[in-house]
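Have a look at the structure below before the remarks.
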Protein chains: 2
Amino acid sequence: MANSLGKTANPPRMRDFGNSTHEESNDTHSRILRAAGPVFAARGYSGATVREICSSAEVNVASVGYHFGDKLGLYRQVIHDLRVARAKRFPAPNTDRQQPEETLHALVHTLLSRMLTVEESAWETELLMREMQNPTPIFESIVEDFFRPLFDQLLETLRLLVKEELPDHQLQHLAFSTVGQCLYYRVGAEAIRVLIPESERQLHYEIGSLSQHITTVMLAACKNVSRLPAPRENRD
Amino acid sequence: MANSLGKTANPPRMRDFGNSTHEESNDTHSRILRAAGPVFAARGYSGATVREICSSAEVNVASVGYHFGDKLGLYRQVIHDLRVARAKRFPAPNTDRQQPEETLHALVHTLLSRMLTVEESAWETELLMREMQNPTPIFESIVEDFFRPLFDQLLETLRLLVKEELPDHQLQHLAFSTVGQCLYYRVGAEAIRVLIPESERQLHYEIGSLSQHITTVMLAACKNVSRLPAPRENRD
DNA sequence: TGACAATTTAAACGATTGTTTAAAACAGGC
DNA sequence: GCCTGTTTTAAACAATCGTTTAAATTGTCA
């Protein structure tokens, strides 16, 4: 009988860590959580093995069962912690009292930072990308809590930037154009590595100039788009 | 001893199918190939099992070893066939004797068609996307044979569209902006499904209007971009 | 038909997976 | 010291993986 729906073994029943994070603690519970993230990110949920996680955490294999019920329970906890950690690290930029041009640039910069940050927590982005391609039941809540706020902010900023009033779907397309350009430097990173020689990549592919470029593209688009003619009837 | 490097079992040694494709044949070899693509696409290379492939092909499990050496050999063959099939189905648009604006639109339309086609061969795109996120040794050749031609065509088209002469890296960024916008409607499809209600999706998210929109954005960007000030020195 | 190679088959192999077990180690209160 | 509940451990479990084996089947040509 697989669980992960609360009922772990009888004894432990998920201790209540009043101190929210496990960042610094060094007990088995925290060690597993710290080790699991990078492994899940590197190998995917099903590719990751409990043994590798526990080996990396220097902990017995049975500990996962004891502390998290099963592998899926551990994964859920990792995703949960990831969400609160990132909401803290990449707060949506403060948009009030700002020219919409600046706001757009700030939003693009935030997006690119979330995508391309390669520091100690690159595994977080990797994990979210895996959820996008292989969505689990957790995915929808990730979109709502994590993507939607920035998406809405982007929509409102673009609404201020276009000269005439546009129907919703055209604004949405502009928003997706923005997000898509940012996302590509992560999704297509391996392709870019093949297409562009390393020397040029190191010069012109850091967050600063990329966000500058993308902002320029979108500002030009906003100034030029106009209400499109009604799309031809599509029948299917 | 794993093989897949040519030496299968002694006997068969990869029969030479003079008739290039296996589309219609019904022998074991072809049945496996037809069944393997969708399974690899749905589950990923390591997630796919030869048992599921063989079960779907109604063929004995040992047949994979006999005809393709091993699982990786089968995968290579699937990718190989996929490449020739798609090159035939989505030929790069003919660019000569055309206004660059039309060429851009045609390129965007081709890109989006490759991304969003959901007909009998949606698994092909899915498989390529998986290669982008989880590159195998095959990936580099895929980029060279499959992405590079369209990328170069895109670069030349954009060069004709910008008013002043731009350094290479700015043209590359414009090309990636184009590709990124197209790619997003595939990569972010699951996110879009959550963000945009279905009614609106069915109205405004078919290939025609999306390629119209993306082309408009990029044309506006081309008319407005100018040689950026030299980027600040970056030191690392 | 009979001989021989090509192909298909059922069964097994060894390795690895997530999970469970039952005993050992540890903790704190008396 | 002992007792009790919690945590950790080594070992085993059943399931599944890719692959191999050796026999059975099929096809082909003399």
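Naming: A, B, ... by sequence-line order, numbering from 1 per chain. Computation of the quantities below employed the complete heavy-atom set of this structure, encompassing side-chain atoms and omitting hydrogens, waters and symmetry-equivalent molecules.
With no hydrogens or angles considered, no side-chain donor-acceptor pair links A:Thr49 and A:Arg43 at under 3.5 Å.
Residues from residues 52-62 of chain B placing a heavy atom under 4.0 Å of any atom in DNA chain C, listed by number, are B:Asn60, B:Ala62. Taking a 4.0 Å limit (strictly below) on heavy-atom distances, residues 40-47 of chain A does not reach DNA chain D anywhere.
Following rounding to the nearest Å, B:Tyr66 (OH) and C:dA5 (P) show an atom-to-atom distance of 13 Å. Rounded to an integer number of Å, the gap from A:Asp70 CG to D:dC13 C1' is 17 Å. Rounding to whole angstrom units, CG of residue B:Leu74 and P of D:dT19 are separated by 10 Å. Distance A:His67 NE2 to D:dT9 C1': 12 Å, rounded to the nearest Å. For B:Ile32 and D:dT19, the CD1 to C1' distance is 14 Å, given to the nearest whole Å. In this entry the distance linking CG of B:Asp27 with C1' of D:dG27 reads 14 Å, nearest Å.
Within the 4.0 Å cut-off from OP1 or OP2 of C:dT7, not a single side-chain nitrogen or oxygen of B:His29 is found.
A distance of 8.5 Å separates CD in B:Glu190 from CE in A:Met132, rounded to the nearest 0.5 Å.
A cation-pi arrangement is found for A:Arg114 relative to A:Phe146, the charged atom lying closer than 6.0 Å to the ring centre and inside a 45° cone about the ring normal. For A:Lys71 and A:Phe40, the positive end is not near the middle of the six-membered ring at less than 6.0 Å and at most 45° from its axis.
The aromatic rings of A:Phe139 and A:Phe147 sit perpendicular to each other, their planes meeting at more than 60°, with 30° as the lower class boundary. Between B:Phe176 and A:Tyr185, the ring planes are perpendicular. Angles over 60° get that label, and only those under 30° would be called parallel.
Candidate nucleotides C:dT19, D:dT8, C:dA6 were compared by shortest atom distance to the side chain of A:Thr28, and D:dT8 ranks first. Of the listed nucleotides (C:dG18, D:dT7, D:dC17), D:dC17 has the atom at the smallest distance from the side chain of B:Arg51.
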(Q) Evaluate A:Val50 against A:Phe68 for side chain to side chain contact (heavy atoms under 4.5 Å, CB included), listing each step before the verdict. (A) CA-CA 12 Å; A:Val50 176; A:Phe68 302 94; over 6 Å; no
Q: Take B:Ser30 and B:Arg34 through the test side chain to side chain contact (heavy atoms under 4.5 Å, CB included) and record every step on the way to the result.
A: CA-CA 6 Å; B:Ser30 309; B:Arg34 268 201 305 274; 4.2 Å; yes
### Query
For A:His173 and B:Tyr205, what are the C-alpha separation, side-chain angles and deciding distance, and is it a ring pair (Phe, Tyr, Trp, His ring centres under 6.0 Å)?
CA-CA 9 Å; A:His173 288 173; B:Tyr205 285 76; 4.8 Å; yes
